[in-house]
Protein chains: 2
Amino acid sequence: MEGKSNIFTIASRTGYSVSTVSRVLTGQAEKYRISKKAIDLISETARQVNYQPNLVAQSLRTKQSKTIGLLVPGIDNPFFATLSGIIIKLLADRGYHTLLADSRESDVEEEMALQMFAGRKVDGIISVPVAASAELHEQISRDIPMVLIDRHFNHTSLPYVCTDNYLGARMATDFLLDKGYKSILAIQGVPTSMPNQERLRGFTDAIKGKPVHYAVVGNAFSVENGHDEIMNCFSDGARPFDAVFAFSATILLGAIDAFRRLNIEVKRDVGIISYDNNGFLDFLDPAVTRIEQPLREASEIAVETLFGIIDSRREGLPEPTVCQRLIPPTLVVRSSC
Amino acid sequence: MEGKSNIFTIASRTGYSVSTVSRVLTGQAEKYRISKKAIDLISETARQVNYQPNLVAQSLRTKQSKTIGLLVPGIDNPFFATLSGIIIKLLADRGYHTLLADSRESDVEEEMALQMFAGRKVDGIISVPVAASAELHEQISRDIPMVLIDRHFNHTSLPYVCTDNYLGARMATDFLLDKGYKSILAIQGVPTSMPNQERLRGFTDAIKGKPVHYAVVGNAFSVENGHDEIMNCFSDGARPFDAVFAFSATILLGAIDAFRRLNIEVKRDVGIISYDNNGFLDFLDPAVTRIEQPLREASEIAVETLFGIIDSRREGLPEPTVCQRLIPPTLVVRSSC
DNA sequence: AAGCTTTGCTCAAACGATTGCGCAAAAATA
DNA sequence: TATTTTTGCGCAATCGTTTGAGCAAAGCTT
């Protein structure tokens with residue numbers, strides 16, 4: 001009834017010791033040969049007093065919190081929101097709870113979050129890192145199993161599962177080239193971020209040696225950036241490019257908005273292709289051709305990998321070989337180019 | 001250095017007792033008249049061994065977890081993603097962490113989440129409830145301070161802060177009427193959900209007594225629902241309505257898609273207005289007139305209210321008067337009607 | 001010099017669980 | 001009946017903190 005029942009309450013009400021109660025309640029009755037009578041009485045009493053184990057005390061004693069820390073750089077970004085939704089569900093299915101932190105693309109907030117995870121004694125961490133250096137992540141991962149998702153570091157032994165941004169960008173660019181576009185404007189996001197670098201590399205590699213004019217501009221995964229760069233390039237009637245490759249859906253939106261202002265019609269006047277998962281892109285007119293990342297698959301692998309490490313460390317087994325996976329994205333063809 | 005330093009390590013390295021160390025490290029040095037020498041030595045040693053307090057042990061002892069449970073019905077829904085982002089930030093600013101659970105619109109998952117929050121001894125709960133009955137929420141709220149956001153229950157004393165869905169729907173409908181539309185189709189979401197009921201009431205009240213033809217269809221806050229209902233009503237050239245009021249952005253998208261298939265042009269052939277915050281709606285063509293909910297303001301009030309309860313309970317003061325707020329939404333006029 | 005205050009710290013008991021070890025009673029075996 | 005084995009359970013330490021109470025030494029007062 002009261003929200004204050006603990007293992008001791010049950011012990012005194014049943015006349016058994018706390019040890020026995022604990023063993024029954026944690027399902028260790030067999031192992032310790034508790035009588036059926038005791039089991040029944042204790043279970044029944046526990047139900048009556050509406051016993052809820054104190055997970056804090058449990059964590060302290062067992063050194064298992066049944067909690068995973070999830071660190072994303074912006075939960076309000078639909079991409080990470082979707083990703084989080086999938087991961088939270090996968091964790092819940094395994095009986096784990098999620099402590100969510102948002103670094104908001106700031107490395108000091110990231111550091112605070114990681115320290116908090118460590119203090120909270122989470123059993124594992126799934127992180128979309130923002131820091132330039134792997135140092136802190138590596139340090140923490142010595143104590144706590146960790147896997148990176150969506151972004152990773154160069155030259156690190158941390159396990160990660162990301163989509164192959166290089167490949168995705170090549171696919172996008174090749175598609176444009178196949179369609180016969182002759183001059184392509186790439187609008188990039190944060191230049192230092194790993195996905196951006198890979199996309200850029202994919203783009204330039206794809207275009208290398210082809211008789212195609214191109215340029216790369218931009219510096220943020222934002223609507224404004226997309227808008228501004230289009231305004232710069234296409235103002236006063238200029239038509240320097242016949243196709244645009246937006247490195248994110250946000251950039252794309254800004255670009256579309258700018259084109260509308262400039263009275264340039266997408267598809268007829270200029271082809272457009274974008275990166276990112278975003279079902280919304282289907283509702284634009286024309287619907288936008290894009291590179292989609294297999295979020296579910298990536299999440300599943302990441303979670304799988306994480307528990308692989310957790311389990312092996314718990315058992316004292318040698319760690320599984322570090323999983324560093326790049327998953328190929330898919331090209332979703334619509335009518336924007 | 002090692003990740004295993006605790007208060008005891010520091011005690012033995014400095015020669016002081018754990019009590020003294022604890023008091024220094026929790027900033028209670030003054031209060032207990034610890035010498036400056038001790039303070040300096042202990043702090044310095046703590047830094048050297050990279051001491052991180054074990055928050056689990058701390059929670060157990062102090063009965064304060066510095067954690068708030070946040071329960072949403074679908075983190076992958078941009079609306080709740082945005083809301084969560086704001087709330088997480090507000091909590092972090094106050095030094096609180098967020099345990100996020102996703103009920104996925106299921107009341108059994110909601111129940112599990114709430115029980116989990118209770119077991120985890122969170123200091124407070126912010127919930128977007130999905131259950132039909134307030135019972136469980138009310139029960140839990142006796143132990144743990146709680147505030148509802150976005151949705152609430154009828155006849156409950158639980159504090160909540162929601163946007164005024166009735167008012168929003170009236171505003172939307174009045175706007176359509178002012179514009180001279182004569183026959184309006186409302187596509188609703190989950191009929192049993194509180195926001196939907198209020199929106200429906202607002203819609204019918206606004207239309208009552210006006211010389212206007214109308215209908216209400218639909219049953220889910222989904223793209224499919226929007227699509228299907230439009231297909232039903234407008235198929236084979238029928239034009240039974242000159243305006244559509246979509247009760248959510250998802251519904252709206254489905255509707256737009258259907259109109260496109262039917263070769264019906266939004267704005268010229270039919271006016272459209274929508275509910276929900278979604279910056280994306282500005283990038284549709286035409287941009288969609290809509291009712292936006294002041295998420296930031298609501299979140300701030302909710303967090304404020306929650307800490308009001310937390311603080312007063314901690315101090316043993318009488319609880320603040322129950323805060324039940326309806327915040328007026330705003331009409332964002334674009335060109336879709 | 002005796003008594004009173006202040007200073008600076010330590011002791012030990014919580015918080016609510018888990019768990020290795022041990023032990024009495026009952027049952028089985030000899 | 002004496003011994004061994006099994007059954008069923010309890011004792012007490014432990015996880016890493018916090019905190020009320022207490023106490024010796026130093027300083028002050030008269």
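Letters A, B, ... mirror the listed sequences (proteins, then strands); counts begin at 1. All values below come from the heavy atoms of this structure, side chains included, with hydrogens, waters and symmetry mates left out.
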_Looking at A:Phe8, is its backbone amide N or carbonyl O close enough to the side chain of A:Ser12 to form a donor-acceptor pair, meaning the two atoms are under 3.5 Å apart?_
yes
*asked:* Taking the axis from the first five pairs and the axis from the last five, what angle separates them in the helix from C:dA1-D:dT30 to C:dA30-D:dT1, rounded to 10 degrees?
replied: 50°
Hey, what are the protein-to-nucleotides 19-24 of chain C N/O distances that come in under 3.5 Å?
from	atom 1	to	atom 2	distance (Å)
C:dT19	OP2	A:Gln28	NE2	3.0
C:dT19	O4	A:Ser19	OG	3.3
C:dG20	OP2	A:Tyr32	OH	3.4
C:dG20	O6	A:Arg23	NH2	3.1

*Within the pair B:Gln58 and D:dG16, is there a side-chain N or O less than 4.0 Å away from OP1 or OP2?*
no
*Could you tell me the separation between the CD1 atom of B:Ile34 and the C1' atom of C:dC9, rounded to a whole number of Å?*
6 Å
*Whole-Å distance between D:dT7 C1' and A:Glu30 CD?*
14 Å
*In whole angstrom, give the distance that lies between atom NZ of A:Lys66 and atom P of C:dA17.*
17 Å
*Please determine if a side-chain N or O atom of B:Tyr16 lies less than 4.0 Å away from the OP1 or OP2 oxygen of C:dC11.*
no
_Applying salt bridge (Lys or Arg N to Asp or Glu O under 4.0 Å) to B:Lys36 and B:Glu30, what does each step give before you reach the verdict?_
CA-CA 9 Å; B:Lys36 178 151 187 335; B:Glu30 317 260 305; over 6 Å; no
*Of the nucleotides C:dA17, C:dC15, D:dG16, which has the atom closest to the B:Asn6 side chain?*
D:dG16
_Euclidean distance, atom CG of residue A:Leu55 to atom C1' of D:dC15 [Å, nearest integer]_ = 16 Å
*Under 3.5 Å donor-acceptor, B:Thr67 side chain and B:Ser65 backbone*: yes
*Report the nucleotide, chosen from D:dT17, D:dC15, C:dA17, that has the shortest atom-to-atom distance to any side-chain atom of A:Leu60.*
D:dC15
*Pick the nucleotide of DNA chain C nearest each of B:Lys37 and A:Gln52; which residue has the one closer to the 5' end?*
B:Lys37
*Would you say B:Phe307 and B:Tyr96 make side-chain contact, with heavy atoms under 4.5 Å?*
yes
*Per A:Pro53 side chain, nearest of listed nucleotides D:dT18, C:dA17, C:dC9*: C:dA17
*Would you say B:Asp102's side chain and B:Ile75's backbone share a donor-acceptor pair under 3.5 angstrom?*
yes
*With a 3.5 Å cut-off and no angle check, do the side chains of A:Ser59 and A:Gln64 form a donor-acceptor pair?*
no
*Residues B:Val128, B:Phe80; criterion side chain to side chain contact (heavy atoms under 4.5 Å, CB included); working and verdict*: CA-CA 9 Å; B:Val128 180; B:Phe80 295 117; 3.8 Å; yes
*Report the residue (B:Lys36 or A:Ala57) whose heavy-atom-nearest nucleotide on DNA chain C is the more 5′ of the two.*
B:Lys36
*asked:* Regarding B:Gly119, tell me which of base, sugar-phosphate or nothing describes its non-hydrogen contacts under 4.0 Å with the strands shown.
replied: nothing
*Taking CD1 from A:Ile7 and C1' from C:dT18, how many angstroms apart are they, rounded to a whole number?*
8 Å
*At under 4.0 Å, does any side-chain N or O of B:Lys63 touch on OP1 or OP2 of C:dG16?*
yes
_With side chain to side chain contact (heavy atoms under 4.5 Å, CB included) as the criterion, how do A:Leu295 and A:Phe79 come out once you've worked through the C-alpha distance, each side chain's angles and the decisive distance to 0.1 Å?_
CA-CA 9 Å; A:Leu295 287 189; A:Phe79 180 82; 3.7 Å; yes
*Any side-chain donor-acceptor pair under 3.5 Å between B:Thr82 and A:Asp76?*
no
